[in-house]
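Reviewing the structure listed below.
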Amino acid sequence: MNKNFFSGRVLSGVQPTGGLHLGNYLGAIKNFVPLQEKFQSLFCVVDLHAITVWQDPKDLIANKCEVAAAFIASGIDPKKSIIFNQSQVPEHTQLAWVLNCIARMGWLNRMTQFKDKAGKNKEKVSVGLYTYPILMASDIMIYKATHVPVGEDQKQHLELTRDIVQKFNNDFKKEVFPMPEPIIMKSAARIMSLRDGTKKMSKSDISEYSRIMLTDNNDEIAKKIKKAKTDAMPLPENIEELENMPEAKNLLTIYSACENKNFDEVFLKYQNRNFSDLKEDLIEVVINKLSPIREEMIKLLDNHDYLQGILDSGSLDAQKIAKKVLKEVYDVTGLNSVS
Ligand code: TYM
């Protein structure tokens, strides 16, 4: 391990479900990059989470490569970080079973993401969708991760993970697991839909105009930003007024996150100005940020064997850590044989 690393370990995961959008990038992946300089870091393509809703097997394989390509194109260096595939490290699911027996039904029943995803269809969704947060806790705990960079929508899952860590350590009277800290970048914790500033930007929105994908070309980016919902009135004089203008706030947030600028500073540049000015500049800012990533992704996706090689060797490296932690868990829980 690099001697200059801080103590602790970073882990995060991204689902390979039909492409990544600007929210995934600004809320999560962009923030992974500096962490790999400070901590031993693992970034996981969470295919087992993806199959909690139906995935066409051929699409799933392609989508896993796309997430790996997005990681690398965004600046995650496979020589510094472990990039790997969740399903190839079976210790995740082995620990998940133990954690199923630690977590309480009442804790899971509070998960708002399950309620949102299941909607009125609760009886018909997979059991996996319900127990999804326990597998996520296992992803984190199987590496004894201390820092977990995520967007705000994952905060509740992180709180559940912390509850599971605490109960596990208490039940077995041993500090087996460290308490993982979420790292949520306030500046881009929740990127909203371009069609409705009160809804999160998401892959599942029926309108393609609601999100900018990392693979969108410059024309598509420009078209989507031009069509983004805004008010007829100019941007306000006072920053407080933005609280009632979710679309304006979202566009300014995207601008400041892409440019790594302070939100208030960006607001001052556009106060009292027309939305068309902001949109014109935002198109340039988003294209500047995303086009090098897209071009690198296209190159990488052309080299499937390289991406598969990264995921395969990353999975072996991840498994070395996971095996040791699982052994410790089996030891303290009495699941290992005595000899
Ligand atoms: P997923 O695949 O839905 O999203 C990947 C990451 O992107 C963030 N994100 C957003 N951030 C800001 N604005 C948005 N509109 C937006 N949409 C998505 C998510 O918060 C996430 O950080 N359960 C996780 C994957 C996971 C995981 C883990 C994460 C599985 N195991 C262990 C951390 C640690 C998920 O579905 O993310």
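Computed from a predicted structure; not experimentally measured. Order of appearance sets the numbers: ligands from 1, and atoms from 1 within every ligand. Reckoned from all heavy atoms, side chains included, excluding hydrogens, waters and symmetry mates.
Among all non-hydrogen protein atoms, the one lying nearest atom 37 (O) of ligand 1 is Gln154 NE2, 3.9 Å. Among protein heavy atoms, the minimum distance from atom 36 (O) of ligand 1 is reached at Tyr132 OH, 2.5 Å. For atom 13 (N) of ligand 1, the closest non-hydrogen atom on the protein side is Ile191 N, 2.8 Å. Nearest to atom 3 (O) of ligand 1 among the protein's heavy atoms is Gln15 NE2, 4.0 Å. The nearest heavy-atom contact from the protein to atom 11 (N) of ligand 1 is Gly23 O, 3.2 Å. The closest protein non-hydrogen atom to atom 6 (C) of ligand 1 is Ala28 CB, 3.6 Å. Gly13 O, 3.4 Å is the protein heavy atom nearest to atom 25 (C) of ligand 1. Nearest protein heavy-atom neighbour of atom 18 (C) of ligand 1: Asn24 ND2, 3.2 Å.
When all heavy atoms are compared, the tightest approach of Arg294 to Asn217 is NH1-CA, 3.4 Å.
Applying the 4.0 Å criterion to heavy atoms of Val148 picks out, from ligand 1, the atoms 33 (C), 34 (C). Close contacts of ligand 1 with Gly27, meaning ligand atoms under 4.0 Å from a residue heavy atom, involve 11 (N), 12 (C). The atoms of ligand 1 that sit less than 4.0 Å from any heavy atom of Ala189 are 11 (N), 12 (C), 13 (N). Taking every non-hydrogen atom of Asp153 and a distance limit under 4.0 Å, the qualifying atoms of ligand 1 come out as 18 (C), 19 (C), 20 (O). Close approach of ligand 1 to His49 (heavy-atom distance below 4.0 Å) involves ligand atoms 30 (C), 31 (N). Which parts of ligand 1 touch Val150 is read off a 4.0 Å heavy-atom cut-off, strictly below it: atoms 22 (O), 29 (C), 33 (C). Every atom of ligand 1 is numbered from 1 in the order shown, and the set under 4.0 Å from a heavy atom of Leu11 is 32 (C), 34 (C). Under a 4.0 Å criterion applied to the non-hydrogen atoms of Ala188, ligand 1 contributes the atoms 12 (C).
At least one cation-pi condition fails for Lys174 and Phe168: the charged atom is not both under 6.0 angstrom from the six-membered ring centre and inside a 45 degree cone around its axis. Within the cation-pi definition used here (under 6.0 Å to the ring centroid, within 45° of the axis), Lys30 does not qualify as a partner of Tyr25.
Among Phe39, Phe84, Phe43, the one residue that satisfies the ring pair (Phe, Tyr, Trp, His ring centres under 6.0 Å) test with Tyr143 is Phe84.
Formation of a donor-acceptor pair under 3.5 Å by the Arg110 side chain with backbone atoms of Leu160 is not found in this model. In terms of modelled atom types and a separation under 3.5 Å, the side chain of Glu91 and the main chain of Lys323 share no donor-acceptor contact.
Counting heavy atoms under 4.0 Å from ligand 1, residue Val46 touches it through the side chain alone. Counting heavy atoms closer than 4.0 Å to ligand 1, residue Ser202 contributes nothing at all. Only side-chain heavy atoms of His21 come within less than 4.0 Å of ligand 1; its backbone N, CA, C and O stay farther off. Only the side chain of Asp139 comes within contact range of ligand 1, with a heavy atom under 4.0 Å; no backbone atom does.
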Report the C-alpha separation of Tyr270 and Tyr255 in whole Å, then their side-chain angles, then the decisive distance to 0.1 Å, and conclude whether the ring-ring contact (aromatic ring centres under 6.0 Å, His included) test is met. CA-CA 11 Å; Tyr270 292 100; Tyr255 187 119; 5.6 Å; yes

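Under the 3.5 Å distance criterion, with hydrogens and angles disregarded, a donor-acceptor pair is assigned to the side chains of Ser81 and Gln36.
Ile29 and Ile191 fall within a single hydrophobic cluster, where Ile, Leu, Val, Met, Phe, Trp and Tyr side chains are chained together by heavy-atom contacts under 4.5 Å. Ile298 and Leu214 fall into different hydrophobic clusters, where Ile, Leu, Val, Met, Phe, Trp and Tyr are joined by side-chain heavy atoms under 4.5 Å apart, directly or via other members.
For the pair Val45/Phe71, a side-chain contact is recorded, criterion being any heavy-atom separation below 4.5 Å from C-beta on.
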